[in-house]
Amino acid sequence: MQQQEMDFGVFATAAANHARRRNSRPEPDADGLFDAEGVAIICDRRQCHFEVAGELFGTVQFKEASVPLTAIAPGRWDPVAALSACTKAHGNRAYEVDYAAAKPTNPGGLDEIGIARVVGADGLRPYLSKKGRYFEAAYGVWAPVERPLETEQGFREAFRVSAGKPTWAFRKLFDGFAPDGRHRFTGDYRVRRALRGLEDAGLVRIELGPRGGMATAKVTWLPRAYLAPERLAKEDEAAMEMLA
């Protein structure tokens, strides 16, 4: 199940984009879960190896480190758990969403918490645990600066972002889409890596640019990235039909 062409050394360089053309991303099932082959592809793209030990158990290994992985159902694996296992096997920290502190806004109907779980498992901190180093006001947000923003530009009501708000990189995942579908912040390695993690989890589709680069890639949110529409109770549906 291991794809030899997609090692991390290739994935981390410009040649990754050509390798990605030859190795299509794994497809989740209707519940957003993957089979063992899909998990192996996700792990291979991060230089990890997935060893199946049965329908419910497996191991993600990187060099001498190994992390156990448990299936959600027989033969069905959660991509968030797989990404987290790879991150931990590399000796890095995987971030879990603090539901009590997070303040999601679900821009455009997107499932912000679901997206945060994916990028957090892949190593990007989605929400601030303390005040951030960038500023926000009613008329926008600004990147980190050395001195207070009102001293720099004369704004009187700009405040450092509070705990529970998105980190700068996580915010740019949502703010970076241009009208032509291109993403303006793929030059930031954190954003680029998060987008690739979301692609592996089946939440975005990335169409690489004409020269195979992420700088000119088009990024599209897939239906699974959006919140499910709210459904009325049967009694309410009957009442709406009577009114119609």
Side-chain angles (χ1 to χ4, degrees), residues 1-29 32-98 114-127 129 167 169-170 173 186-204 206 208 212-214 217:
M1 294 182 184
Q2 195 172 12
Q3 290 187 342
Q4 298 299 330
E5 290 181 315
M6 188 59 77
D7 59 30
F8 188 80
V10 172
F11 181 76
T13 65
N17 301 315
H18 299 289
R20 292 173 76 82
R21 292 184 188 277
R22 299 192 301 269
N23 298 270
S24 59
R25 64 177 177 83
E27 292 290 342
D29 64 11
L33 305 177
F34 291 83
D35 58 16
E37 183 176 0
V39 175
I41 294 174
I42 292 174
C43 292
D44 287 342
R45 290 185 171 190
R46 289 155 181 81
Q47 203 182 6
C48 295
H49 174 65
F50 178 56
E51 184 71 30
V52 181
E55 288 190 333
L56 289 174
F57 303 101
T59 302
V60 175
Q61 185 167 357
F62 173 71
K63 295 184 178 180
E64 301 301 324
S66 62
V67 178
L69 186 62
T70 304
I72 295 294
R76 314 312 297 172
W77 309 79
D78 181 11
V80 173
L83 291 170
S84 178
C86 268
T87 301
K88 293 175 181 178
H90 276 272
N92 298 321
R93 180 178 177 182
Y95 296 94
E96 296 183 0
V97 176
D98 184 349
I115 295 168
R117 292 181 66 238
V118 172
V119 301
D122 206 23
L124 171 69
R125 183 193 294 273
Y127 295 106
S129 59
T167 60
F170 187 54
L173 278 178
T186 52
D188 189 311
Y189 77 94
R190 298 167 299 174
V191 175
R192 187 167 61 246
R193 176 176 175 176
L195 287 171
R196 285 174 166 170
L198 291 169
E199 182 192 32
D200 288 340
L203 299 184
V204 302
I206 298 176
L208 298 173
M214 280 288 288

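The analysis underlying the following values was restricted to heavy atoms, covering all of them including side chains, and did not include hydrogens, waters or symmetry mates. Source: prediction; values computed, not measured.
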> Of all heavy-atom pairs between Pro126 and Ala116, which one has the smallest distance, and what is that distance?
Replying inline: CB-CB, 3.8 Å
> Shortest non-hydrogen contact from Ala194 to Val119?
Replying inline: CB-CG1, 3.8 Å
>> Does anything in residues 59-86 form a ring-ring contact (aromatic ring centres under 6.0 Å, His included)? List the pairs, not counting sequence neighbours.
In response: Phe50-Trp77, Phe62-His90
> What do the steps show when you test Arg46 against Asp122 for salt bridge (Lys or Arg N to Asp or Glu O under 4.0 Å), and what is the final call?
Replying inline: CA-CA 10 Å; Arg46 289 155 181 81; Asp122 206 23; 3.1 Å; yes
> How many angstroms lie between atom CZ of Arg117 and atom OG of Ser84, to the nearest 0.5 angstrom?
Replying inline: 10.0 Å
>> Just so I know, are the side chains of Leu56 and Pro74 near enough to count as touching, which here means a heavy-atom distance under 4.5 Å?
In response: yes
> What is the distance from atom CZ of Phe170 to atom CG of Leu124, rounded to the nearest 0.5 Å?
Replying inline: 7.5 Å
> Where is the tightest heavy-atom contact between Ala89 and Ala65, given as atom of each residue plus distance?
Replying inline: O-CB, 3.4 Å
> Looking at Val191 and Ala169, what are the two nearest heavy atoms and their distance?
Replying inline: CG2-O, 3.8 Å
> What is the minimum heavy-atom distance between Phe34 and Asp200, and which atoms define it?
Replying inline: CZ-O, 3.3 Å
>> Please report the interatomic distance CG(Asp78) to CD1(Ile72), rounded to the nearest 0.5 Å.
In response: 4.5 Å
>> Tell me whether Gln61 contacts the main-chain N or O of Lys63 through its side chain, where contact means a donor paired with an acceptor under 3.5 Å.
In response: yes
> Does Thr87 use its side chain to pair, donor to acceptor, with the backbone of Leu83 at less than 3.5 Å?
Replying inline: yes
> Do Arg76 and Asp35 have side chains that get closer than 4.5 Å, going by heavy atoms?
Replying inline: yes
> Do Pro79 and Val118 come within less than 4.5 Å of each other through their side chains, counting heavy atoms only?
Replying inline: no
>> As an exercise, state the distance from CZ of Phe57 to CG of Leu69, rounded to the nearest 0.5 Å.
In response: 10.5 Å
>> Can you give me the closest heavy-atom contact between Val60 and Cys86, atom names plus distance?
In response: CG1-SG, 3.7 Å
